[in-house]
There are 2 protein chains.
Amino acid sequence: MTATIKDVAKKAGVSLSTVSLVLNNKTNLSPETINKVKQAISDLNYHPRHSARGLASKKSGNIGFILTDDHFSRAEPFYTKIFLGSEFEARNYNYYILLTTIEQNFCKKSIPRFLLEKNVDGVILAGHIPDGLINFLSNNYNIPVVYIDYLPPKGKSFAILIDNVDGAKLAVEHLLEKGHRDIAFVCGEISHPSMQSRFLGYKQALKNADIPLREELVVTDELATSDESGHNATCKLLKTGIHFSAIFAGNDAMAIGCMKCLKKKQISVPDQIAIVGFDDVDIANQIDPKLTTMRVDKEEMGAIAIKNLVEMITKEKRNFGKVLVPVELVTRNST
Amino acid sequence: MTATIKDVAKKAGVSLSTVSLVLNNKTNLSPETINKVKQAISDLNYHPRHSARGLASKKSGNIGFILTDDHFSRAEPFYTKIFLGSEFEARNYNYYILLTTIEQNFCKKSIPRFLLEKNVDGVILAGHIPDGLINFLSNNYNIPVVYIDYLPPKGKSFAILIDNVDGAKLAVEHLLEKGHRDIAFVCGEISHPSMQSRFLGYKQALKNADIPLREELVVTDELATSDESGHNATCKLLKTGIHFSAIFAGNDAMAIGCMKCLKKKQISVPDQIAIVGFDDVDIANQIDPKLTTMRVDKEEMGAIAIKNLVEMITKEKRNFGKVLVPVELVTRNST
DNA sequence: GTGAAAGCGCTAACAG
DNA sequence: CTGTTAGCGCTTTCAC
């Protein structure tokens with residue numbers, strides 16, 4: 001049988017509850033008592049049993065992580081990395097993460113089991129989450145919730161978001177520093193909050209540099225944010241005949257599409273036209289020329305979520321607001 | 001307070017232990033008793049508390065899922081889908097899955113916490129797993145283990161594997177049916193068991209069709225199994241001047257590389273040369289022409305793992321051997 | 001500071 | 001087939 005708290009108490013020559021107090025670092029015990037106990041714990045290779053703790057403390061020691069299945073199995077492992085960051089951070093706080101996916105068209109039947117069984121002390125919701133689940137949570141549960149990369153349409157919430165505005169500004173400022181003045185912006189799905197923010201950052205950077213916004217250098221009417229739409233947008237720009245020496249693309253996929261178009265037309269990147277993307281997807285570093293882009297620390301986003309969630313759980317308080325995770329310029333060969 | 005087993009017993013007018021028996025469908029209770037209890041359970045929206053069960057039964061109700069971090073965050077969401085299949089199946093058996101990643105260079109410090117805390121009833125190991133962890137598990141634990149897409153180098157084990165031999169046979173048979181006789185095989189990293197099996201399947205299919213194996217149509221000396229190595233291998237084949245009307249590539253990445261090379265040389269696919277890949281990665285369906293390839297049901301692999309693991313856990317027995325998951329031909333435009 | 005004792009909600013004997 | 005009972009390992013009052 002593996003060691004129990006009783007064994008530790010016996011070995012350390014203290015009472016059972018003293019060990020418990022050490023375990024949960026409650027009250028000020030004498031340092032020597034603490035040391036004795038800690039010694040016994042490591043001697044016996046003791047690990048408190050999750051279920052026993054859970055039963056006695058009415059806390060599960062688990063954190064739920066929910067995202068939609070399509071988000072999770074996308075080729076770009078964006079959410080995977082966020083999860084990894086969470087899982088890693090959760091180890092420090094001795095929480096387990098229960099990961100589950102839901103379908104985009106949410107129905108009562110698909111409520112995560114750990115919610116029904118009240119087996120999580122808090123929940124992380126990553127990416128676009130159906131309203132049905134959000135409402136279900138807020139109506140039936142009082143556990144803390146942290147959103148990642150998604151801001152629920154209404155109500156108070158706590159969200160970890162990418163600083164798209166600032167990131168876009170940095171991207172454009174990089175181009176400005178390289179001496180570019182005629183900088184095009186190419187984007188699709190402009191109704192998406194991220195894209196709007198990036199567009200805003202583009203405009204702000206130009207304004208700060210006293211460069212007027214020229215509508216003819218802006219293409220935002222592509223439907224998607226894909227490779228293909230980047231290609232199309234670039235073709236459109238070239239057809240106008242208007243001069244530009246750089247493109248800031250709404251994301252890497254589009255930036256790659258831009259490069260493909262330019263390659264076809266024998267326009268050299270970065271000599272004739274420089275390109276900056278956004279996201280730093282894995283292939284950004286594999287294409288030729290390698291794409292200069294904006295990187296977000298996904299693992300960090302997951303870690304921040306855990307830190308905040310644990311704080312809310314243990315202090316029984318609720319945080320509200322947004323945390324904007326900074327974006328970093330990754331300079332490569334396309335600029 | 002949420003309902004407990006006591007409330008259910010009271011509501012159903014039976015004893016506490018009767019409810020427990022229903023919950024664990026032990027012994028043959030009278031159908032009407034069962035119904036009464038089930039009614040009470042749903043009336044009260046009762047869910048047994050995981051921790052209480054765990055404490056009393058000495059089972060955690062959890063299954064550990066371990067893979068290396070690089071496997072998990074690969075662009076191709078192969079293991080992600082396997083995990084999803086596991087998670088989905090685990091719901092049916094009321095298990096939670098604890099997902100964690102380890103580093104390829106395993107050290108004692110990185111032993112998953114749920115192992116140290118003995119908080120899983122069984123473990124799934126997906127993809128290449130460092131020997132250190134395998135040894136640690138077999139030396140210190142007696143919980144059932146299921147491997148997915150990896151066969152540990154030594155010792156008895158239970159593994160869910162892709163039926164690469166049969167899959168490759170099917171691929172080549174498809175080409176044979178289309179009338180091809182001169183079928184090239186293009187592959188890299190031939191020391192990898194999967195690639196060896198696919199090569200074997202290629203040879204078997206030819207043999208069954210009474211077509212002699214022609215070494216000059218086989219390229220297995222590429223180092224990687226990437227896009228680029230597919231490209232190189234195809235160039236090599238073309239340079240020899242030997243006629244062939246079809247290529248079976250070791251995987252989709254290589255197949256795509258083959259297509260790129262052929263495109264450059266203005267050789268039309270599938271009119272002049274047909275191509276079959278293996279894996280059915282997401283982009284296989286997005287390139288032009290769309291790639292005919294072999295698909296493996298990743299979710300199914302995860303589900304099979306869970307089914308077997310649960311059986312081993314509940315029946316306290318150990319299964320050994322291999323389960324080969326069938327591969328399916330996905331016919332698209334490259335053949 | 002530390003120790004004793006009472007549960008947390010459930011399972012698993014056992015006796016009826 | 002049903003009810004009683006004794007824990008599982010821990011937290012948490014409450015005395016000391």
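Residue numbers begin at 1 in each chain, while the letters A, B, ... track the order of the sequences. All of these numbers come straight from a predicted model, not from anything done at the bench.
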With salt bridge (Lys or Arg N to Asp or Glu O under 4.0 Å) as the rule and sequence neighbours excluded, what pairs involving residues 146-161 of chain B come up?
none
Per the salt bridge (Lys or Arg N to Asp or Glu O under 4.0 Å) rule, what does the pair list look like for residues 86-103 of chain A, sequence neighbours excluded?
A/Glu87-A/Arg91
Whole-Å gap separating P (D/dC8) and CD (B/Glu117):
20 Å
Between A/Lys118 (NZ) and C/dG9 (C1'), how many Å, whole number?
15 Å
Whether B/Ser57 side chain and B/Arg53 backbone form a donor-acceptor pair below 3.5 Å
yes
Test item: A/Asp69 side-chain N/O and A/Thr101 main-chain N/O as donor-acceptor pair under 3.5 Å:
no
Between D/dG7 (P) and A/Leu55 (CG): distance, integer Å
17 Å
Donor-acceptor pair, side chain of A/Arg49 and main chain of B/Lys58, under 3.5 angstrom:
no
Distances for protein N/O vs nucleotides 10-14 of chain C N/O pairs under 3.5 angstrom?
residue: C/dC10; atom: OP1; partner: B/Tyr46; partner atom: OH; Å: 2.3
residue: C/dC10; atom: OP1; partner: B/Arg49; partner atom: N; Å: 3.4
residue: C/dC10; atom: OP2; partner: B/Ile5; partner atom: N; Å: 2.4
residue: C/dT11; atom: OP1; partner: B/Asn24; partner atom: ND2; Å: 3.3
residue: C/dT11; atom: OP1; partner: B/Arg53; partner atom: NE; Å: 2.7
residue: C/dT11; atom: OP1; partner: B/Arg53; partner atom: NH2; Å: 3.3
residue: C/dT11; atom: OP2; partner: B/Ser20; partner atom: OG; Å: 2.9
residue: C/dA12; atom: OP2; partner: B/Lys26; partner atom: NZ; Å: 3.1

Over all strands shown, is B/Thr33 touching base, sugar-phosphate only, or nothing at heavy-atom distances under 4.0 angstrom?
sugar-phosphate
Send over the distance from B/Asn119 CG to D/dC10 P, rounded to a whole Å.
11 Å
I'd like to check the salt bridge (Lys or Arg N to Asp or Glu O under 4.0 Å) partners of A/Asp43; sequence neighbours left out, ordered by chain and number.
none
Counting only side-chain N and O atoms of A/Lys59, is one of them less than 4.0 Å from OP1 or OP2 of D/dT11?
no
Can you list everything that forms a salt bridge (Lys or Arg N to Asp or Glu O under 4.0 Å) with B/Glu299? Sequence neighbours excluded, please.
none
Rounding to 0.5 Å, atoms CG (B/Leu44) and NE2 (B/His47) come to a distance of 11.0 Å
For the helix from C/dG1-D/dC16 to C/dG16-D/dC1, how many degrees between its two end axes (five pairs per end), to the nearest 10°?
30°
Nearest whole Å is fine: how far is D/dC1 P from B/Ile34 CD1?
9 Å
Taking only the side-chain nitrogens and oxygens of A/Lys58, find out if one of them lies under 4.0 Å from OP1 or OP2 of C/dG9.
yes
Kindly say whether A/Leu115 contributes a backbone atom to a donor-acceptor pair with the side chain of A/Tyr141 at under 3.5 angstrom?
yes
